[in-house]
Number of protein chains: 2
Amino acid sequence: MALSHAILALLIDSPYSGYDLAKDFDQSVNFFWKATHQQIYRELSKLEEQALVEVSTIAQAGRPDKKLYHITKAGETFLIEWLLQPCEVMPIKEDLLVKLWAAQLIPVAHAIEQSASVAKLIEEFQRHRELHQQRLATYHQIERKFYPDSDHLPIAQKYRYLVLRRGIRYETDYIEWCDEVLKLFANQAEGKGV
Amino acid sequence: MALSHAILALLIDSPYSGYDLAKDFDQSVNFFWKATHQQIYRELSKLEEQALVEVSTIAQAGRPDKKLYHITKAGETFLIEWLLQPCEVMPIKEDLLVKLWAAQLIPVAHAIEQSASVAKLIEEFQRHRELHQQRLATYHQIERKFYPDSDHLPIAQKYRYLVLRRGIRYETDYIEWCDEVLKLFANQAEGKGV
DNA sequence: GCCTACATGTAAACCGTTACATGATTAT
DNA sequence: ATAATCATGTAACGGTTTACATGTAGGC
């Protein structure tokens, strides 16, 4: 279980509410972790029990209280000890690859039915290409805003920049792969005169 | 939940035992799915209940019976229907990125303690680089063995080749990123005369 | 003698998702 | 008026992981 570590890692820079953590996991740092608000609230309670975080409640006009979580000294020690431990390679579970693997099942018996099915698959790949392009655009924005001169950064920020680099590389590569797939579909359509 | 679909996808080509599925998910197709033998055995039972797979038991001398699972016509239909449905972008959970994000916590107070800690992190990145290189080597072997002339393949095999391409691209890119990280660590060590 | 491979399975603990629940503010 | 955003939470369910369990055969 490493959601706890991902939360603590975000808390290094500033205190967060559960709500804000959920937003960040969904938007800016979605290339290194993902979690629903449910998991986050439960995990924060556990971390508080273990004294790895501390909470300060902030009253707000016309809104529920905001509970701001801070990392404690014990929390930092816990994180450092963990990060020096070896870990596994991330397991991959890609629906899109399972779909391509099984795509040969699409029936060839009826030409019309088949081209409709293949068209749906093409759409799916185009859609995913766009989603990845959107993510890439977000990461490029972060790059421009926070790391404009990436060659001359203090060490702490270089670590962060390399984390972002992973996201940029991943999405760039994924988009290129989508293009390889879409190119095949295009050639296929051409060859068949569809 | 898509483990069921990943299992059915593998069964397209040939019947499998639970044990063999576990091996493939751990070795040859680990770039598109991962599952323990536990999950697989339970999932196979469910698929059998739904008549999406059929089992033939093979007695073996001095070993437990081998239960070979075959995909049924209903299983194929089920798979095709699923693959025409839209799906989400795969969520990423990368321990190594959380570690880099938190690396700035490594204490600078005591120089000896710090360089020992950073050395451990470097080792971790070198280890992961090697693991990814091993995977890449496996994928290249599969490429040479099954897709020697990748430009001229029947369509069914092109789909499969593009699935493999994703694995090759992913590992290649990951290794390059590890090199970016290791280069930073090397520069750092040089600058400090360690 | 010990470890690995073959082959399947039960049980419990843990993690993750979905639905439900509340309630004010702001934008369309 | 309706939907989205802010902000937190409970309950139930379903998926995943880990530990336990069994037993043969073959390599070091």
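Letters go in sequence order (proteins before strands), and every chain restarts at 1. Model, not experiment: these values are computed from the prediction.
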Rounded to whole Å, CG of L3(A) lies from P of dG16(C) at a distance of 6 Å
Between dG9(D) (P) and Q38(A) (CD): distance, integer Å: 10 Å
Let me know the distance between NZ of K46(A) and C1' of dC15(C), rounded to the nearest Å. 8 Å
Measure CE/M90(A) against C1'/dT16(D) and give the value in whole Å, please. 16 Å
Nearest-Å distance for atom pair NZ/P, residues K23(B) and dA7(C): 8 Å
Ring-plane angle category for F125(A) and F185(A), please: parallel below 30°, perpendicular beyond 60°, tilted otherwise. tilted
Could you pick out which residue, D20(B) or A35(A), lies toward the 5' side of DNA chain C when each is mapped onto its nearest nucleotide? D20(B)
Is the cationic atom of R166(B) (NZ for Lys, CZ for Arg) positioned less than 6.0 Å from the six-membered ring centroid of W177(A) and within 45 degrees of its normal? yes
Whole Å only: how far is the CH2 atom of W33(B) from the C1' atom of dT16(D)? 12 Å
When the distance from OH of Y16(A) to P of dT8(D) is rounded to whole Å, what number comes out? 14 Å
Closest to the Y19(B) side chain: dT17(C), dT8(C), dA7(D)? dT8(C)
For W101(B), is there any backbone N or O sitting under 3.5 Å from a side-chain donor or acceptor partner on R160(A)? yes
Let me know, please, whether H37(A) or Q39(B) comes out on the 5' side of the other along DNA chain D by nearest nucleotide. H37(A)
Phosphate OP1/OP2 of dT18(D): any T36(B) side-chain N/O under 4.0 Å: no
For the residue pair H132(B) and Y174(B), does the interplanar ring angle fall in the parallel (under 30°), tilted (30 to 60°) or perpendicular (over 60°) class? parallel
How do K34(A) and Y41(B) order along DNA chain C: which one's closest nucleotide is nearer the 5' end? Y41(B)
To the nearest Å, how far apart are I40(B) CD1 and dG9(C) P? 13 Å
Polar side-chain contact R42(A)-dT8(D) base: donor and acceptor under 3.5 Å: no
Going through the distances and angles, do K120(A) and E123(A) end up as a salt bridge (charged side-chain N to carboxylate O under 4.0 Å, His left out)? CA-CA 5 Å; K120(A) 273 202 175 177; E123(A) 260 173 56; over 6 Å; no
Report yes if a side-chain nitrogen or oxygen of K93(A) is closer than 4.0 Å to either non-bridging phosphate oxygen (OP1 or OP2) of dT16(D); otherwise report no. yes
